[in-house]
Structures are given as structure tokens and as C-alpha cells.
Protein chains: 2
Amino acid sequence: MPAPVISRDEAVDRIIAVFRQYGYEGASLTRLSEATGLGRSSLYHHFPNGKVDMAQAALDSVRAWLATNVFPALSEDLPPEEKLRKFTDGLAHFYRNGERACLTDLFTMGEAGELFQEHFAKGVRALIKAIARVVQEAGFTPDDASTRAEDAVIAIQGALIVSRALGDQRPFQRVMRDMTAKLLAR
Amino acid sequence: MPAPVISRDEAVDRIIAVFRQYGYEGASLTRLSEATGLGRSSLYHHFPNGKVDMAQAALDSVRAWLATNVFPALSEDLPPEEKLRKFTDGLAHFYRNGERACLTDLFTMGEAGELFQEHFAKGVRALIKAIARVVQEAGFTPDDASTRAEDAVIAIQGALIVSRALGDQRPFQRVMRDMTAKLLAR
DNA sequence: GTCTATACGAAGATAGAC
DNA sequence: GTCTATCTTCGTATAGAC
């Protein structure tokens with residue numbers, strides 16, 4: 001019974017899960033094949049350049065998901081505090097309360113770093129700017145807002161690592177819970 | 001001219017550099033062999049279990065270095081602020097101002113995670129406690145001190161990632177510069 | 001303690017049948 | 001669009017000479 005056993009979107013979701021768990025180099029075609037239920041050749045049919053294309057598809061998918069489900073919160077017509085609250089709630093959901101690793105961490109190391117570092121540099125800069133804009137709306141100077149936003153991104157990334165190392169999601173949850181207040185504290 | 005072309009300590013230092021750059025799975029024996037100047041068989045002579053032993057030696061070496069050169073600052077007979085300042089200066093040097101990656105990040109992913117995660121859980125807990133003790137000396141409650149210390153470790157890890165993603169060491173440098181003041185802010 | 005040689009499986013990748 | 005088969009390269013690991 002040939003016919004798409006799985007949709008491309010579903011395949012990409014499972015590919016992302018493998019990258020999250022094993023990193024770029026650790027995500028072997030065998031693991032990707034098992035996770036998707038697709039044979040090696042089927043993977044190459046969908047992703048002609050193999051792992052690089054799968055990683056690119058993973059990045060595109062994650063970016064699109066965030067652009068649809070998380071970032072818009074920062075542009076809604078709401079008070080700064082509520083915008084930030086919706087945003088951090090969205091992020092906490094995205095990272096499954098700290099269970100999931102972030103590709104910004106995984107894909108800026110080793111071989112993947114040479115391929116994707118510039119992608120993530122742009123993404124991180126854009127994220128900091130988007131948060132800073134909201135903080136600025138709340139009455140902080142551009143420089144102060146930018147530093148606070150950078151600290152927020154640092155806290156997200158650091159909390160993911162500390163939670164992973166400890167095997168305990170509470171640090172991540174605490175950071176996300178307190179983030180809005182910290183961004184707006186006088 | 002057989003004879004140790006390189007000391008074991010020097011070999012371990014170069015092995016650590018490879019792990020830092022490529023992560024655990026990305027650190028192939030070929031790369032480790034090139035970095036140390038030792039043939040594959042020589043590596044197995046020094047590290048009978050191959051990569052696992054090299055990673056263990058890397059961890060032991062890093063732990064010993066920190067225990068000698070960085071952590072003692074937290075136990076010196078100095079005011080809390082000066083202890084923390086010496087400590088953060090030591091860490092900044094250890095991470096080469098943000099240029100170096102942290103093994104806590106790299107070795108808690110993928111296969112390495114299964115091998116070493118518990119090692120890092122212990123290390124992170126011990127580090128948080130050591131920082132918290134000093135913060136407590138400065139007059140904060142145990143709970144408050146512990147949370148502040150956890151935030152400090154989160155900031156270190158996050159700053160390393162953000163600096164790496166941006167290709168810019170300034171976020172890390174800023175975090176280290178401001179860490180003492182943040183830990184002791186009223 | 002280092003080297004060359006080699007074994008062996010895993011990884012990435014492709015060809016061609018269905 | 002998926003499969004089996006195949007290919008090559010790379011990674012890990014060992015044997016044995018020097």
C-alpha cells in the first residue's frame with residue numbers, strides 16, 4: 001500500500017523531535033528513519049540533500065510555528081504587561097515547560113554551527129528587538145529595554161540548560177513565571 | 001623516536017578543546033587524533049574505552065581545574081562581594097570571556113546525556129549551593145539566596161549560548177560584569 | 001608508547017524496481 | 001512515494017610490529 005503513510009508536516013515534526021533529543025550530529029538517518037517510519041530512500045525523496053535539508057525544514061517549521069503562535073502576542077493591542085504574559089505563556093508551551101531543548105543551542109555547535117549560526121544570529125537579534133519594543137512601550141529607555149530583553153533571552157536559554165542538567169523542570173517554570181515582572185521591574 | 005610526544009595532561013587539554021567545539025557525538029576519533037597528534041592506537045593506549053574514557057578524563061580535568069582555580073574564591077576570608085567578584089572573574093577566564101562552550105550544555109544532550117547527566121546534575125546543584133552560601137552571608141534568607149544563585153547559573157549558561165548564537169562575546173561579558181551586583185541587589 | 005594495518009559496523013547517499 | 005539493494009566513506013576498535 002504505497003501512498004503517503006505520513007504527511008510531510010507530520011514527518012517534519014518527528015524529525016524535529018529527533019534533532020531536539022540528539023542534536024544535529026547525533027541525529028542519524030537511522031534514527032530519523034525510525035522516527036518517521038520512512039525508509040532512507042523515502043527520506044531522500046522528500047529531502048534530496050539529506051540531513052541538511054531535514055534540518056532546514058525543521059528550522060523553517062519552527063520559525064513558522066513561532067511566527068504564528070508566539071510572536072504575534074508581542075504586537076497585539078494590549079498593555080505591555082499582558083503582551084509579555086501571553087508571549088511567555090506561548091514560549092513555555094513551545095518548550096513544553098522546559099522539557100524540550102532549543103535548536104538555538106543545538107544547531108550553533110559543531111558542523112551545524114557552520115551551516116546555521118547566521119540563521120540563529122538573525123533570529124536572536126529579532127527576538128531581542130521584539131521584546132525590547134514592548135519593554136520600551138512600558139516606559140523604559142531604548143538601551144535599558146534592549147538590555148532587559150537580552151537578559152530575558154539569556155534567561156530562557158539558560159533555564160532550559162539548567163533544567164535539562166538537573167532533570168527538573170522547575171527552574172525553567174520559575175523563570176518563565178517571573179519573566180514579565182522582571183522585564184518591567186522599576 | 002618513540003617517547004611521549006605529548007604529556008597526558010596536554011593531550012586531555014586538546015581533547016577538551018575538541019569536545020567543546022564539536023560536542024560529544026561530533027568529536028570523532030579522527031578529530032581527536034588530529035588534535036592530539038596521537039594515532040588512533042595511541043589514543044586507545046591512554047584511554048582503553050575510547051571516547052567514553054576521553055570524555056571522563058575531560059570531565060575530571062575540568063572539575064579539578066575549577067576546584068583549584070575558581071571555586072576556592074567562594075570560601076576565602078573576604079567580604080561576600082569580593083568573593084563573588086573573584087569567583088566571576090575566574091569563571092570569565094575559564095570560559096575565555098564567552099568564547100568557550102560549557103560541557104554542561106554539550107554533555108547533557110543525546111548519548112552523552114545518558115552517560116553524564118547525573119554528573120552534571122550534581123555539579124550544578126553543588127555550584128548553586130556554593131554561590132547561595134555566599135549570598136546568604138550577605139544577609140539574604142536561604143530561599144532567596146538559593147533562587148538568586150540559581151538565577152546566576154542560569155545567566156551564565158544562557159549568556160554562553162546567546163553569545164555563541166550571536167557570534168558576539170559582549171552579552172557574556174556584560175552578564176559576568178553585572179553578576180555580583182545582581183546577586184547582592186536589595 | 002607509538003606506529004601500520006586491518007576488521008567491522010554505522011553513516012550518508014544513490015540506483016532502480018514497483 | 002516507497003521499497004530493496006548497493007556503494008562509499010567514516011567511525012570505532014583491535015592486533016601486532018617496532
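In the text below, chain A, chain B and the rest are named by the order of the sequence lines, each starting its count at 1. Values reported hereafter were calculated over all heavy atoms of this structure, with side chains retained and with hydrogens, waters and symmetry mates removed.
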Can you tell me the distance, in whole Å, between the CD atom of Glu111(B) and the C1' atom of dA10(C)? 11 Å
Nearest whole Å is fine: how far is dT14(C) C1' from Leu43(A) CG? 14 Å
So what does Ser41(A) touch, heavy atoms closer than 4.0 Å: a base, only the sugar-phosphate, or nothing? base
Quick check: closest heavy atoms across Gly98(A) and Gln169(A), and the distance to 0.1 Å? C-NE2, 3.8 Å
Of Ala27(B) and His45(A), whose nearest nucleotide on DNA chain D comes first from the 5' end? His45(A)
Atom CD of Glu25(B) to atom C1' of dG12(C): distance rounded to whole Å? 16 Å
What are the two closest non-hydrogen atoms of Glu118(A) and Arg125(A), and how far apart are they? OE2-NH2, 3.3 Å
dC10(D) P sits how many Å from Tyr22(B) OH, rounded? 14 Å
How long is the line joining CZ of Arg8(A) and P of dT2(D), in whole Å? 12 Å
Are Val162(A) and Leu160(A) connected, step by step, through hydrophobic side chains (Ile, Leu, Val, Met, Phe, Trp, Tyr) whose heavy atoms are closer than 4.5 Å? yes
Nearest to side-chain heavy atoms of Lys51(A), which nucleotide of dG12(C), dG11(D), dA11(C): dG12(C)
Between Tyr44(A) and dA13(C), is there a side-chain N or O to OP1/OP2 distance below 4.0 Å? yes
Would you kindly compare Leu38(A) and Asn49(B) by the position of their nearest DNA chain D nucleotide and give the one closer to the 5′ end? Leu38(A)
If I take atom CZ in residue Arg31(A) and atom P in nucleotide dG12(C), what distance separates them, rounded to the nearest angstrom? 10 Å
Would you kindly give the CZ-to-P distance between Phe47(B) and dA13(D), to the nearest whole Å? 14 Å
Parallel, tilted or perpendicular: ring planes of Phe19(A) versus Phe107(A), cut at 30 and 60 degrees: perpendicular
Could you check if a side-chain atom of Phe172(B) sits within less than 4.5 angstrom of a side-chain atom of Leu166(B), using non-hydrogen atoms only? no
Just N and O in the side chain of Thr30(A): are any of them under 4.0 Å from OP1 or OP2 of dA11(C)? yes
Atom CG of Leu29(B) to atom P of dT12(D): distance rounded to whole Å? 4 Å
Base, sugar-phosphate alone, or nothing: which one does Ser42(B) contact when heavy atoms must sit under 4.0 Å apart? base
Below the 4.0 Å mark, does dT2(C) have OP1 or OP2 next to a side-chain nitrogen or oxygen of His46(B)? yes
